[in-house]
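Each remark here refers to the structure printed beneath this line.
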Amino acid sequence: MQKHFKYFLLAVIAILFTITVVSGRRECIVRKVPNADTMCVCNATYCDDFPPLRPAKQGFATVYESNKVGDRFKETELKFGSTTSSAVSDGQRVTVTIDATKKYQSIYGFGAAFTDSTGQMLASVDESLANQLIDSYFSENGIEYSVARVPMAGTDFSDRPYSYDDFDEDLELKHFALQREDTDWKIPYIKRALKVSPHKVKLFGSPWSPPAWMKTNHKFEGNGYLRGDVGGPYYQSFANYFVKFLEAYKSHGIEFWGLTVENEPNEGQNNKNYNCLNLTGPTERDFVKLNLGPTLAKAGYGTDKVALMVYDDNLGELKHFVTPILEDREAMKYVSGIAFHWYGNGLMDVWPDSLLDEFHEKYPDTFILNTEACHLSDSEPSGVRLGNWEYAEHYAYDIIRDLNKHMRGWVEWNMALDMKAGPRWNEKQGYGGCVNIDPAVGEAYKQPSFYAIGHFSKFIAPDSVRVHNTADQTFKNFSVLTVQRPDNRLVLVALNARSGDIELNIVDSTRSLSHKIPAHSVQSYIW
Ligand SMILES: *[C@@H]1O[C@H](CO)[C@@H](O)[C@H](O)[C@H]1NC(C)=O
Ligand SMILES: *[C@@H]1O[C@H](CO)[C@@H](O)[C@H](O)[C@H]1NC(C)=O
Ligand SMILES: *[C@@H]1O[C@H](CO)[C@@H](O)[C@H](O)[C@H]1NC(C)=O
């Protein structure tokens, strides 16, 4: 009897313990950065998390807030019908009215890239820290990334330049082989991401430089284009290289949702510093039409299986580059989407808002996806600005603006970098990212921008649909996005990048609530 009682007691304790652990959230361990804002510290035994969103109580919404003063996904319950009407410092008020019957594009998701630098940094720390970081990005206890880019061989974020076939004139690709970067630094982490994700993660591949021997300059970097004529043996060999890549990853159990034709083909015309390929719009069109499209289709990777995206470069040159492709019916048989990068556009109010609208109207069947973004903090001595809240605001601003212009998703760049935002083979330092790792102390630092993306990726599940809203007034540096999730719940994400608070009044079809959005904060409402 006594023995049974002891077991009973143990069972009760175990259940209670499980409940507290399950409902408890691991909060951010805040570290203030001198002359900046804050970052969150993770180590081998601790990393902040974000458990699955609980359904809100009937008549309530939940709001999560991250801000410049250091709160991360701070949770507050709000009752519909209540007007808190708290005094706001500069007296700004805005009413956002949602019309969920008016629907726009569906969302693929949010994510970042499995670069070599990312994998190298993850491999440089305790496995349990690396796993916690992958889980932070992909799992239901993290921010639930559902799209990821996989570079095909080396990029400027690799510690050496290479391709999958560096054997001169091997046009038949007899020596094609994945490298240790794939087997040690990419595949294990991709597999973990696929395993822990509650979603079907959409992976897409992108080549930087083809094998140097395929190029006119015989180098990975600098001004080179593919040798010979479009349709000829070098172009065809490069097309076959894509199929070899897909099959090599498939042999490791990894299948791709998409491909881009070439990373930053425009930049390839003038970049001496990194792995690139110069392709003009008409050349990319003919490569797709004569080589890549038919080759992928023949190998079983046609548009029904793998989404081929053109361009994959900065918005500034988009129209000039893609118009010859989009106007060509033969080429468009093989094309599903347009990929673009935020550079030059990411900072607030740089490019005309109308460009993506214009494309969507003219080519409604061709999707638009942001496939790369990071802060080019060249002016910073270390190439990285740790704990910088402003970067979070730039990301949130760009995501809201682009999604309001029919974009289907938003993909950042390196998932993890060192303390100088590297390693890189051709530069001593790199560009800002969401997580920096210091192997010397066994810690990783989640930057404010990690949480900025999380305000979208955690809430806007894949296949959510953007819904209409109208605001009774607009302010500079204040923006709002509204979507409906596949489970029918509504989500509103708001950014206040101003120096004053705003009273936000949200009106749904039948009810309303109001809440303050403080200066320099991002909020996600869900109900
Ligand atoms: C890891 O972080 C946790 C939480 O801050 C801390 O309690 C623990 O001591 C740290 N471990 C090491 C080895 O630094
Ligand atoms: C880029 O490649 C095209 C041929 O595809 C060539 O005409 C052009 O001169 C190249 N640009 C540069 C800067 O080399
Ligand atoms: C808007 O944000 C930009 C960039 O952070 C800043 O320079 C500007 O002062 C802000 N304007 C207002 C009205 O808040």
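Just the heavy atoms: all of them, side chains too, but no hydrogens, waters or symmetry mates, feed the values below. Just so you know, ligand 1 is whichever comes first in the structure, and atom 1 is the first atom listed for that ligand.
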Using the salt bridge (Lys or Arg N to Asp or Glu O under 4.0 Å) criterion, which residues pair with Lys202? Sequence neighbours excluded. none
Could you work out, with disulfide (SG to SG under 2.5 Å) as the rule, every residue matching Cys42, not counting sequence neighbours? Cys47
Partners passing ring-ring contact (aromatic ring centres under 6.0 Å, His included) against Tyr64 (at least two apart in sequence or in another chain): Phe50, Phe459
Should you measure from each heavy atom of Glu390, which atoms of ligand 3 turn up under 4.0 Å away? 5 (O)
Side chain to side chain contact (heavy atoms under 4.5 Å, CB included) with Phe340: which of Leu356, Asp312, Val322? Leu356
For ligand 1, what is the set of protein residues having any non-hydrogen atom at a distance below 4.0 Å? Ile29, Asn43, Thr45, Tyr46
Taking the inter-plane angle between the rings of Tyr104 and His468 on a 0 to 90° scale, is it parallel (under 30°), tilted (30 to 60°) or perpendicular (over 60°)? tilted
Residue pair Asp398 / Trp410, side-chain donor-acceptor N/O under 3.5 Å: yes
